[in-house]
There are 2 protein chains.
Amino acid sequence: MANANAFAALADPTRREVFERLARGPRSVGELAQGLPVSRPAVSQHLKVLKEAGLVTDRPEGARRVYQIDPQGLGQIRAWLDRFWEAALEAFKAEVEREDPEGTNP
Amino acid sequence: MANANAFAALADPTRREVFERLARGPRSVGELAQGLPVSRPAVSQHLKVLKEAGLVTDRPEGARRVYQIDPQGLGQIRAWLDRFWEAALEAFKAEVEREDPEGTNP
DNA sequence: CAGATTCGTAAGTTAGTACTTACTGTAAGC
DNA sequence: GCTTACAGTAAGTACTAACTTACGAATCTG
């Protein structure tokens, strides 16, 4: 499954925080680490995971390395979720009707 | 963050498998465990995590306990992802134009 | 009522992971 | 060329979590 890594990547709070900061625009590793409660190497390791999950891309910019969000991994997760969305709504609707066949609880 | 547990819940492959089986319709714990490479108590523990994440609901049915998908947690994840979707696309588009300002690579 | 199903929980083990500090490599500035 | 800034990697540690077996509680069956 292609999205396996993407879910695992976003499961970690620190990684989600990094990802949310990148959503506000491309950042270098140092900029991302600044303000976070973890060390810069930790952020580097998190970025590696996000990159392998297809959630971010990076490019060298002099001595720095700039990361930004990659829509690819995000799109895979969205596609996976959408596969269940309709089924989930139907199952939920059926359950509601099973509990309340008369529709007395609008 | 409300969706924190939902991401962590779907990060585990076994839990995703359980979730996908539930997408095909409500099942009891025993039915879910059947065919999975883990024990029934393990499935019980996974269902507990999914339930706390708002991804499934359960109801007693005699001695058995039937689980089914709950759209709530799914919707929270979808909403979270959508917050970044537009930003991600824009950032990606800007990056492509930065790499290829003339549009020579269509 | 006794035995059989079905399921959740407790306890313990093991593997994975998120973090730290220390080190190495690479690009920029004097 | 030498120093400084930036970032990835290595090694080690501590914590979490996924799993197992064993057990207890609740319900159906004969």
Side-chain angles (χ1 to χ4, degrees), chain A residues 1 3-22 25-70 73 95, chain B residues 1 3-22 25-70 73 95 98-99:
Chain A
M1 192 179 307
N3 49 22
N5 296 333
F7 273 114
L10 292 178
D12 182 76
T14 304
R15 230 139 42 203
R16 268 201 311 277
E17 179 64 31
V18 170
F19 189 73
E20 296 196 16
R21 291 190 182 209
L22 283 179
R27 300 286 153 85
S28 70
V29 180
E31 289 171 346
L32 288 169
Q34 203 170 14
L36 285 178
V38 298
S39 68
R40 185 198 50 76
V43 174
S44 246
Q45 293 164 7
H46 283 309
L47 286 168
K48 182 178 181 181
V49 174
L50 289 171
K51 182 180 176 183
E52 288 172 350
L55 288 165
V56 303
T57 60
D58 62 334
R59 64 170 183 271
E61 192 165 282
R64 310 193 317 164
R65 187 157 279 265
V66 177
Y67 284 79
Q68 75 169 33
I69 287 188
D70 181 358
E95 167 64 5
Chain B
M1 189 180 313
N3 49 22
N5 296 334
F7 272 113
L10 292 178
D12 183 76
T14 304
R15 232 138 42 202
R16 268 201 310 278
E17 177 65 31
V18 169
F19 189 73
E20 296 197 17
R21 292 191 183 208
L22 283 180
R27 301 286 152 84
S28 71
V29 180
E31 288 170 346
L32 288 170
Q34 203 169 15
L36 284 178
V38 297
S39 69
R40 185 199 51 75
V43 174
S44 247
Q45 292 164 8
H46 282 309
L47 286 168
K48 183 180 182 181
V49 174
L50 289 171
K51 183 180 177 183
E52 287 172 351
L55 287 165
V56 304
T57 60
D58 62 333
R59 64 171 184 269
E61 193 164 281
R64 310 194 316 162
R65 185 157 281 265
V66 176
Y67 285 79
Q68 75 170 34
I69 286 188
D70 181 358
E95 167 64 6
R98 194 196 63 82
E99 285 176 339

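Given the structure is predicted, the values throughout are model-derived calculations rather than measurements. Letters go in sequence order (proteins before strands), and every chain restarts at 1.
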Figure out the [atom1]/[atom2] separation between [X] and [N], and round it to whole Å.
X        : N       : atom1 : atom2 : result
Glu31(B) : dC7(C)  : CD    : P     : 8 Å
Arg16(B) : dA17(D) : CZ    : C1'   : 16 Å
Leu32(A) : dA7(D)  : CG    : P     : 9 Å
Arg59(A) : dA7(D)  : CZ    : C1'   : 16 Å
Leu50(B) : dA18(D) : CG    : C1'   : 13 Å

B/S/- along nucleotides 8-19 of chain C (protein heavy atoms under 4.0 Å) is BBB-------SB

Is a salt bridge present between Arg21(B) and Glu31(B), judged by a nitrogen-to-oxygen distance below 4.0 Å?
no

Handout entry: Salt-bridge present (Glu61(A), Arg65(A); N to O < 4.0 Å)
Key = no

Spacing of [X] atom [atom1] and [Y] atom [atom2] [to the nearest 0.5 Å]:
X        : Y        : atom1 : atom2 : value
Leu50(A) : Asp12(A) : CG    : CG    : 9.0 Å
Leu32(A) : Leu22(A) : CG    : CG    : 5.0 Å
Lys48(B) : Tyr67(B) : NZ    : OH    : 10.0 Å

One would report the end-axis bend of the helix from dC1(C)-dG30(D) to dC30(C)-dG1(D), five pairs per end and rounded to 10 degrees, as 20°

Flag, side chain of [X] to backbone of [Y], donor-acceptor distance under 3.5 Å:
X        : Y        : result
Arg16(A) : Leu10(A) : yes
Arg15(A) : Ala9(A)  : yes
Arg40(A) : Ala33(A) : no

